[in-house]
2 protein chains.
Amino acid sequence: MATKKSYHHGDLRKKLLETALEIISEDGLEKVSMRKLGQRIGVSRTAPYRHFADKSMLLCAIAEQGHIKLTTVLKNANRQLIDDPLTRIRNTGIGYVEFAVRNPVHYRIMFGNEILENQRTPELVQAAETSFNELLYAVKACQEEKLIKPINPYIIANTLWSLTHGTSMLLIDGQIQSANAFRGMPAMLQTDIEAGEIDVRKIFEYKSDILFSGLAAES
Amino acid sequence: MATKKSYHHGDLRKKLLETALEIISEDGLEKVSMRKLGQRIGVSRTAPYRHFADKSMLLCAIAEQGHIKLTTVLKNANRQLIDDPLTRIRNTGIGYVEFAVRNPVHYRIMFGNEILENQRTPELVQAAETSFNELLYAVKACQEEKLIKPINPYIIANTLWSLTHGTSMLLIDGQIQSANAFRGMPAMLQTDIEAGEIDVRKIFEYKSDILFSGLAAES
DNA sequence: TTCTAAAGTTGACAACGTCAACATTTCATA
DNA sequence: TATGAAATGTTGACGTTGTCAACTTTAGAA
């Protein structure tokens with residue numbers, strides 16, 4: 001649109017989001033500053049303020065983008081050509097956790113960021129709901145084929161969400177890797193963990209099996 | 001120990017942690033600064049650096065305190081004079097989520113804080129493991145009375161942890177309150193949510209029931 | 001009693017978020 | 001086509017922050 005040295009950048013908003021994500025995934029969230037964003041892009045230090053009222057609005061937009069990306073991931077898992085909807089729901093969960101582990105800083109902005117707690121834009125709220133709906137979709141599909149109990153699907157999806165979200169956060173935080181958290185998992189898995197590599201798929205398969213079949217001892 | 005106007009404060013480290021928590025619960029995490037801490041306590045602005053190498057070490061100590069507090073809460077739930085260990089495990093979960101909801105900012109420092117990801121002190125790691133062990137304890141108690149399947153208790157505790165942690169974070173974040181997340185729950189609960197009040201107990205009872213009995217449809 | 005380490009202070013610096021005032025560009029409309 | 005408002009970008013400035021270096025005061029061990 002705009003040529004190289006024009007006064008107006010042309011698509012600064014988009015470029016800001018891209019660059020912010022770059023910095024975030026390279027150096028972490030604290031390293032992102034409104035000023036540095038401008039400088040890195042080659043624009044003045046307050047130029048970002050023409051596109052985002054303040055820093056938390058920038059973070060809102062980043063979080064929104066994350067939810068949109070997550071939705072795509074979940075959609076792909078959901079729409080795979082797999083006959084068994086139970087496998088699909090499991091893949092959806094795995095997709096969720098994998099997304100979080102691959103985009104840890106991004107994920108942390110989407111959830112668990114105090115700054116955004118009371119300042120979410122309507123767009124962000126909408127994007128978050130849309131991603132939740134994919135979990136709901138997976139649950140309903142299983143119920144239609146009578147593979148899952150016919151209790152309220154929203155409650156089930158919420159429980160599933162808690163499990164995926166909890167697993168994601170604990171993994172990202174590195175809390176799950178340490179010490180006890182995975183003792184007793186198969187030797188292979190433990191070795192991977194010690195080597196710093198985590199097989200998200202295996203971990204989540206364990207958990208979804210437990211959720212599916214329940215904890216109750218057979219009497 | 002030291003009288004009022006002595007050069008040395010006497011117990012500055014403790015006072016720093018207390019004051020930090022005060023500021024955090026009043027105004028949020030971003031409002032905490034090393035300088036303000038000093039000023040609020042009536043000591044110079046760099047005095048805190050004699051007790052914490054930098055800000056993230058301060059946060060580490062706060063997180064550690066949180067884990068210790070959480071451990072106490074879980075211990076209380078675990079040691080209640082209730083015959084049914086299944087009720088105890090449920091209460092432990094409820095205690096966990098309640099702690100998180102009552103101390104949201106504190107909880108967010110304990111988990112989900114990027115700053116601490118790679119700088120955890122050994123004390124913090126230890127404190128976190130101790131709180132995990134309470135969940136483990138609750139699981140094992142149930143297994144001893146054959147109320148829960150005899151599969152590896154570490155895996156079960158990990159799953160339980162994910163569920164409580166996920167529920168906590170979603171509640172704290174306000175993500176669970178919005179829109180879909182609780183549709184279909186009993187009317188009473190929904191009214192509470194709309195009024196801004198959340199019955200953590202009810203919410204977690206739903207989820208732990210699902211976890212206990214499993215999602216599988218009876219064939 | 002003396003000396004060292006711990007604890008607290010002041011001065012300084014660069015980076016940050018953000019505001020106000022100003023400059024340039026775009027674009028709809030007269 | 002001319003024009004004026006709205007959008008976009010810039011510079012200067014202010015107060016706050018984390019943290020370092022160099023200094024002072026104090027407590028406690030030798």
Side-chain angles (χ1 to χ4, degrees), chain A residues 1-20 22-24 26-63 109 113-119 121, chain B residues 1-20 22-24 26-63 109 113-119 121:
Chain A
M1 205 161 274
T3 51
K4 260 190 175 175
K5 294 253 172 170
S6 68
Y7 190 82
H8 283 165
H9 181 280
D11 207 356
L12 186 53
R13 193 192 137 96
K14 191 177 169 189
K15 188 78 181 169
L16 282 167
L17 287 174
E18 280 173 22
T19 310
E22 259 176 51
I23 297 178
I24 280 169
E26 286 166 16
D27 306 320
L29 178 56
E30 342 115 84
K31 292 293 177 185
V32 175
S33 77
M34 297 297 263
R35 303 170 86 108
K36 202 189 297 185
L37 274 178
Q39 281 155 359
R40 186 114 145 197
I41 294 174
V43 97
S44 81
R45 60 203 193 290
T46 58
Y49 283 90
R50 297 296 141 186
H51 298 271
F52 300 100
D54 54 27
K55 195 177 179 180
S56 63
M57 287 299 107
L58 206 219
L59 293 183
C60 257
I62 292 176
I109 297 173
N113 193 312
E114 182 196 345
I115 303 173
L116 303 186
E117 191 173 350
N118 294 312
Q119 320 199 34
T121 59
Chain B
M1 206 157 275
T3 51
K4 257 190 177 178
K5 294 253 171 170
S6 67
Y7 189 82
H8 284 342
H9 181 280
D11 207 355
L12 186 53
R13 193 192 137 95
K14 193 176 167 189
K15 188 77 180 169
L16 282 167
L17 287 174
E18 280 172 22
T19 311
E22 258 176 52
I23 297 178
I24 280 168
E26 285 165 17
D27 305 322
L29 178 56
E30 343 115 83
K31 292 295 176 183
V32 175
S33 77
M34 297 297 262
R35 302 171 88 106
K36 203 189 298 184
L37 274 177
Q39 282 157 0
R40 187 116 143 195
I41 293 174
V43 97
S44 81
R45 62 205 192 291
T46 58
Y49 283 90
R50 297 295 141 186
H51 298 272
F52 301 100
D54 54 26
K55 195 177 179 179
S56 64
M57 288 299 107
L58 206 219
L59 294 183
C60 257
I62 293 175
I109 297 172
N113 193 314
E114 182 197 345
I115 302 173
L116 304 185
E117 191 173 350
N118 294 314
Q119 319 201 35
T121 59

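Naming convention: chains lettered A, B, ... in sequence-line order (proteins, then strands); numbering from 1 in each chain.
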(message) For a quick test of reading the model: is some side-chain N or O of B:His51 closer than 4.0 Å to OP1 or OP2 of C:dA6?
(response) no

(message) Distance check needed: D:dT19 P versus A:Glu30 CD, whole Å only.
(response) 10 Å

(request) State which residues pass side-chain contact (heavy atoms from CB on, under 4.5 Å) with A:Asp54; sequence neighbours excluded, sorted by chain then number. (result) A:Ser56, A:Met57

(message) Between C1' on C:dT9 and CG on B:Leu12, what's the gap in Å once rounded to a whole number?
(response) 13 Å

What's touching nucleotides 15-19 of chain C from the protein side, N or O pairs under 3.5 Å?
unit_1: C:dC16; atom_1: OP1; unit_2: A:Ser33; atom_2: OG; d: 3.2
unit_1: C:dG17; atom_1: OP1; unit_2: A:Met34; atom_2: N; d: 3.4
unit_1: C:dG17; atom_1: OP1; unit_2: A:Lys55; atom_2: NZ; d: 3.1
unit_1: C:dG17; atom_1: OP2; unit_2: A:Met34; atom_2: N; d: 2.8
unit_1: C:dG17; atom_1: OP2; unit_2: A:Arg35; atom_2: N; d: 3.4
unit_1: C:dG17; atom_1: N7; unit_2: A:Arg35; atom_2: NH1; d: 2.6
unit_1: C:dG17; atom_1: O6; unit_2: A:Arg35; atom_2: NH1; d: 2.5
unit_1: C:dT18; atom_1: OP2; unit_2: A:Tyr49; atom_2: OH; d: 3.0
unit_1: C:dT18; atom_1: OP2; unit_2: A:Lys55; atom_2: N; d: 3.1
unit_1: C:dT18; atom_1: O4; unit_2: A:Arg35; atom_2: NH1; d: 3.3

(request) Classify the side chain of B:Arg50 versus the base of C:dT9 as yes if they form a donor-acceptor pair under 3.5 Å and no if they do not. (result) yes

(request) Let me know the distance between CD1 of B:Ile23 and C1' of D:dT17, rounded to the nearest Å. (result) 13 Å

(message) Rounded at 0.5 Å granularity, tell me how far CD1 in A:Ile24 sits from CD1 in A:Ile62.
(response) 4.0 Å

(request) Could you point out which residue of A:Arg40, A:Lys31, A:Lys36 forms a salt bridge (Lys or Arg N to Asp or Glu O under 4.0 Å) with A:Glu26? (result) A:Arg40

(request) Report the distance from atom NZ of A:Lys15 to atom P of D:dG9, rounded to the nearest whole Å. (result) 14 Å

(request) Decide yes or no for A:Val43 and A:Leu37: does some side-chain heavy atom of the first lie under 4.5 Å from some side-chain heavy atom of the second? (result) no

(message) To the closest 0.5 Å, what do you measure between CE (A:Met34) and CG (A:Leu16)?
(response) 8.0 Å

(request) Write down the distance between CG (B:Leu58) and P (D:dT17), rounded to a whole number of angstrom. (result) 14 Å

(request) Please report the shortest heavy-atom distance between A:Glu114 and B:Gly28, naming the atom on each side. (result) OE2-CA, 2.9 Å

